[in-house]
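These values consider heavy atoms only, across backbone and side chains, with no hydrogens, waters or symmetry-generated copies. In what follows, chains are A, B, ... by sequence order, proteins preceding strands, each numbered from 1.
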2 protein chains.
Amino acid sequence: MAYESEYPPFYVTVDIVVLAIRDGRLNALAIRRGPGHDEGKWALPGGFVGIDEDLEPAARRELEEETGFSVHRDALQQVGTYGAPDRDPRYLRVVSVAWLAAVPDASAVVAGTDAAHAEWRPVDDLLAEDLAFDHHRILADARDRARVLVDSPPPGTRPLAAAFLPSDEFSLSRLRSVYEAVLGRELDPGNFQRRVKTTQGLVTPTGRREPAAGGRGRPAELFRIRG
Amino acid sequence: MAYESEYPPFYVTVDIVVLAIRDGRLNALAIRRGPGHDEGKWALPGGFVGIDEDLEPAARRELEEETGFSVHRDALQQVGTYGAPDRDPRYLRVVSVAWLAAVPDASAVVAGTDAAHAEWRPVDDLLAEDLAFDHHRILADARDRARVLVDSPPPGTRPLAAAFLPSDEFSLSRLRSVYEAVLGRELDPGNFQRRVKTTQGLVTPTGRREPAAGGRGRPAELFRIRG
DNA sequence: CCAAAAGTGTTATGCATACACCCATGA
DNA sequence: TCATGGGTGTATGCATAACACTTTTGG
C-alpha cells in the first residue's frame with residue numbers, strides 16, 4: 001500500500017496485573033528484572049502482541065504462559081494504555097495495553113511456567129517501591145479499577161470477586177474476605193451477608209455446609225455464584 | 001538494538017469521540033468517509049500518533065486540528081484501546097487508542113479546520129447506523145463512559161459537565177440540560193438544584209442573575225464551577 | 001391575571017451503617 | 001459451659017425521588 005512507510009512503527013505489548021488474594025491481602029504477580037535496564041526492580045509480566053493477534057487474546061495468552069490459568073471473560077479487564085515516548089528506553093516506541101486479571105490463590109502455579117522467577121507480592125508493598133518502567137502507575141490504576149469492579153460489578157457480568165475464589169462453592173465469609181482484601185478495609189459480617197443474599201442473581205445457596213475444618217464456630221452455608 | 005526486527009510493527013492511532021450538547025441532545029463529531037474503504041459511512045475523527053508523541057498529547061493535537069478547541073485535562077479521557085487484526089483493512093495492523101472529549105456547543109467551529117467535511121450528529125442516530133471500522137463499539141463505549149463520568153465525577157477532578165458549557169457562568173437549568181442530554185433522561189429540576197448546591201465544592205453562586213433573554217419565567221441565578 | 005420557569009419545603013422510600021443479639025459447633 | 005464464628009433483627013442516618021407549593025418574571 002502506498003502509505004506503508006509514512007507513519008511511525010510502534011511495538012505493542014500487553015502488561016498484566018495478575019491479582020490474587022493471599023493471606024488476606026491483595027497480591028500481584030511481579031518479576032524481578034535481571035541484568036539490563038531497571039535491574040533489580042519489580043516489573044509486571046507482559047509481552048509483545050503477535051502480528052495476527054487481537055489484544056485480549058494476547059493478554060490471555062501471556063496470562064496462561066505465566067500462571068497456567070485460563071480465566072473467565074469478565075476476570076480479564078482492560079485497564080488502560082500507556083505510551084509515553086520514553087517509557088521503555090530499550091526500544092524507540094513501545095505502547096502497552098494494561099490488563100488486570102483476577103485468579104484464585106494457588107501458590108504453586110507459578111513454578112514450572114514461563115515466569116520461573118515470578119513472585120507473588122502484596123500490592124501495597126509493591127506500590128511503596130520504585131517499580132520498573134511506568135509499572136507503578138499501571139499497578140495503581142489496576143488496583144483502583146479492581147476496587148470499582150468488586151464494589152459494583154457491571155450488571156450481567158460475572159462478579160470479579162468470583163474469580164479470586166479457588167472453588168465454585170464457598171462460604172460468605174470467604175467471599176467477604178475477598179472483598180476486604182481488594183477494598184483494603186473491613187466489612188461488617190452481618191451487613192455483608194444480607195447485601196450479598198438480597199442482591200438478585202448474585203449467589204445461590206447449595207443447601208450444604210462447610211466441612212468443619214478448623215472447626216471452631218458454626219459451620220457456614222455454602223454458596224455458588226450465579227445459579 | 002539487537003531485537004529491533006524480532007517483533008511485529010504496528011501503527012498506533014488515536015480516535016476521538018468529540019461530544020457536545022446541541023439542541024438538548026448529545027452529539028458527536030463524525031466524518032463521512034470518502035472513496036475507498038467503508039465509503040459513505042460515518043467515522044470518528046482521529047489520526048496517527050507521532051514518533052515522539054505521548055498518547056494524550058496526540059489526542060489533544062487531533063482534537064485541536066479538528067475543532068480548534070483546547071479542552072481541560074479532565075475533559076479528555078481515555079476510553080479504551082481497540083486492536084483487532086482486521087479492524088482497518090487498509091493496513092496490516094492498526095491499534096487505536098480511543099478518547100472522549102467534551103467540548104462546548106459551537107456550531108461554527110468545525111468549518112475552517114482540518115475536518116471540513118466533519119459534521120455534528122446525534123449520538124443516538126449514529127449508533128442506529130452502521131459506522132466505519134469498529135467505530136460503533138468505540139462510540140458506544142465512549143457514551144457509556146461519559147454517562148458514568150457525568151453521574152459521578154471522580155473527586156478532585158473538574159466535572160465533565162463543565163466542559164460542555166460554553167461559558168464560565170451558567171444557570172442551573174443549563175447545567176441540568178447537560179446532565180439530561182448525556183444521561184438520556186429527564187431530571188427533576190428541584191432535586192437537581194438541591195443536589196448540585198449541596199455538593200461541596202461543585203458550584204459557587206456569583207450573586208448575579210441571568211439577563212432576561214427569552215424572558216419568560218423567573219431569571220435564574222448564575223453559578224460558576226469550582227470557585 | 002396568567003403562563004412559565006426558578007427555586008423551596010415536605011414526605012416517603014430505599015440503602016448502608018452500626019450494633020445488639022441469637023445459633024451452632026468444637027473443645 | 002465457654003469461646004468462636006455464622007447469621008438475623010432492628011434502629012438510625014443519609015441520599016434520592018416524587019411532588020406540592022411559593023417566587024419572580026414577561027405578556
Side-chain angles (χ1 to χ4, degrees), chain A residues 21 23-24 147-148 150-153 155 159 161 165 167 169-224, chain B residues 23-24 147-148 150-155 159 161 165 167 169-224:
Chain A
I21 314 294
D23 305 322
R147 285 185 173 167
V148 170
V150 159
D151 219 43
S152 54
L165 296 167
S167 159
E169 299 186 357
F170 49 86
S171 69
L172 293 190
S173 38
R174 265 251 179 271
L175 184 63
R176 175 167 50 87
S177 77
V178 168
Y179 276 67
E180 289 176 336
V182 174
L183 297 177
R185 63 190 170 93
E186 299 201 335
L187 300 174
D188 182 282
N191 294 334
F192 182 81
Q193 190 113 193
R194 218 188 338 261
R195 199 183 94 170
V196 168
K197 281 183 185 168
T198 57
T199 300
Q200 280 300 337
L202 184 54
V203 295
T204 51
T206 64
R208 274 174 303 129
R209 297 193 158 271
E210 206 165 36
R216 53 195 176 290
R218 173 177 173 179
E221 195 178 352
L222 290 173
F223 290 82
R224 197 190 297 270
Chain B
D23 304 321
R147 286 186 173 166
V148 170
V150 159
D151 218 44
S152 53
L165 296 167
S167 159
E169 299 187 357
F170 49 86
S171 69
L172 293 191
S173 37
R174 264 249 180 270
L175 185 63
R176 175 167 52 84
S177 76
V178 169
Y179 276 67
E180 289 176 335
V182 174
L183 297 178
R185 63 191 171 91
E186 300 201 336
L187 300 174
D188 182 281
N191 292 334
F192 182 82
Q193 189 114 192
R194 218 187 337 260
R195 201 183 88 164
V196 168
K197 280 183 185 167
T198 58
T199 299
Q200 280 300 337
L202 183 53
V203 294
T204 51
T206 64
R208 274 173 304 127
R209 297 194 159 269
E210 206 164 36
R216 55 197 174 291
R218 173 176 174 178
E221 194 178 353
L222 291 173
F223 291 81
R224 197 189 296 270

**OP:** Please determine if a side-chain N or O atom of A/R209 lies less than 4.0 Å away from the OP1 or OP2 oxygen of D/dG7.
**Re:**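 Affirmative; the distance criterion is met.
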Original post:
Would you say a side-chain N or O of B/K197 is under 4.0 Å from OP1 or OP2 of C/dT8?
Top reply: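 Answer yes for this pair, as a side-chain N or O of B/K197 is under 4.0 Å from OP1 or OP2.
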Subject >> A/F170/A/F223 aromatic ring centres below 6.0 Å >> reply: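 A/F170 vs A/F223: aromatic centres not under 6.0 Å.
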Subject >> Residue met sooner reading DNA chain C from 5', once B/A220 and A/G190 are mapped to nucleotides >> reply: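 Nearer the 5' end of the strand: B/A220.
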Going by modelled atom types, is there a donor-acceptor pair between the base of [N] and the side chain of [X] at under 3.5 Å?
X      : N      : result
A/D188 : C/dA16 : no
A/R194 : D/dT10 : yes
B/R218 : D/dT23 : yes

Original post:
With a 4.5 Å limit on heavy-atom distance, are the side chains of B/P159 and B/L202 in contact?
Top reply: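 Yes, close enough: below the 4.5 Å cut-off.
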**OP:** Taking only the side-chain heavy atoms of A/N191 (C-beta and beyond), determine which of C/dT17, C/dA5, D/dA17 contains the nearest atom.
**Re:**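 Taking heavy atoms from C-beta onward, the closest nucleotide is C/dT17.
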Original post:
Considering only D/dG7, D/dG5, C/dA5, which nucleotide approaches the side chain of A/Q193 most closely?
Top reply: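 Taking heavy atoms from C-beta onward, the closest nucleotide is D/dG7.
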Original post:
Can A/R208 and A/E221 be counted as an ion pair, charged N to O under 4.0 angstrom?
Top reply: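 Salt bridge: no.
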Using a heavy-atom cut-off of 4.0 Å across all strands, would you classify [X] as base, sugar-phosphate, or nothing?
X      : result
B/S173 : sugar-phosphate
B/R195 : sugar-phosphate
B/R174 : nothing

Interatomic distance, [X] [atom1] vs [N] [atom2] [rounded to whole Å]:
X      : N      : atom1 : atom2 : answer
A/E210 : D/dT4  : CD    : P     : 18 Å
B/L187 : D/dA18 : CG    : P     : 11 Å
B/E180 : C/dA5  : CD    : P     : 13 Å
A/L175 : D/dG7  : CG    : C1'   : 15 Å
B/F192 : C/dG9  : CZ    : C1'   : 19 Å
A/R176 : C/dT17 : CZ    : P     : 14 Å

Subject >> Which residues share a salt bridge (charged side-chain N to carboxylate O under 4.0 Å, His left out) with B/R147, sequence neighbours left out >> reply: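 B/R147: no salt bridge (charged side-chain N to carboxylate O under 4.0 Å, His left out) contacts found.
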Original post:
Which atom pair, heavy atoms only, marks the closest approach of A/P189 to A/R176?
Top reply: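 Between these two residues, the closest heavy atoms are CA-NE, 3.6 Å.
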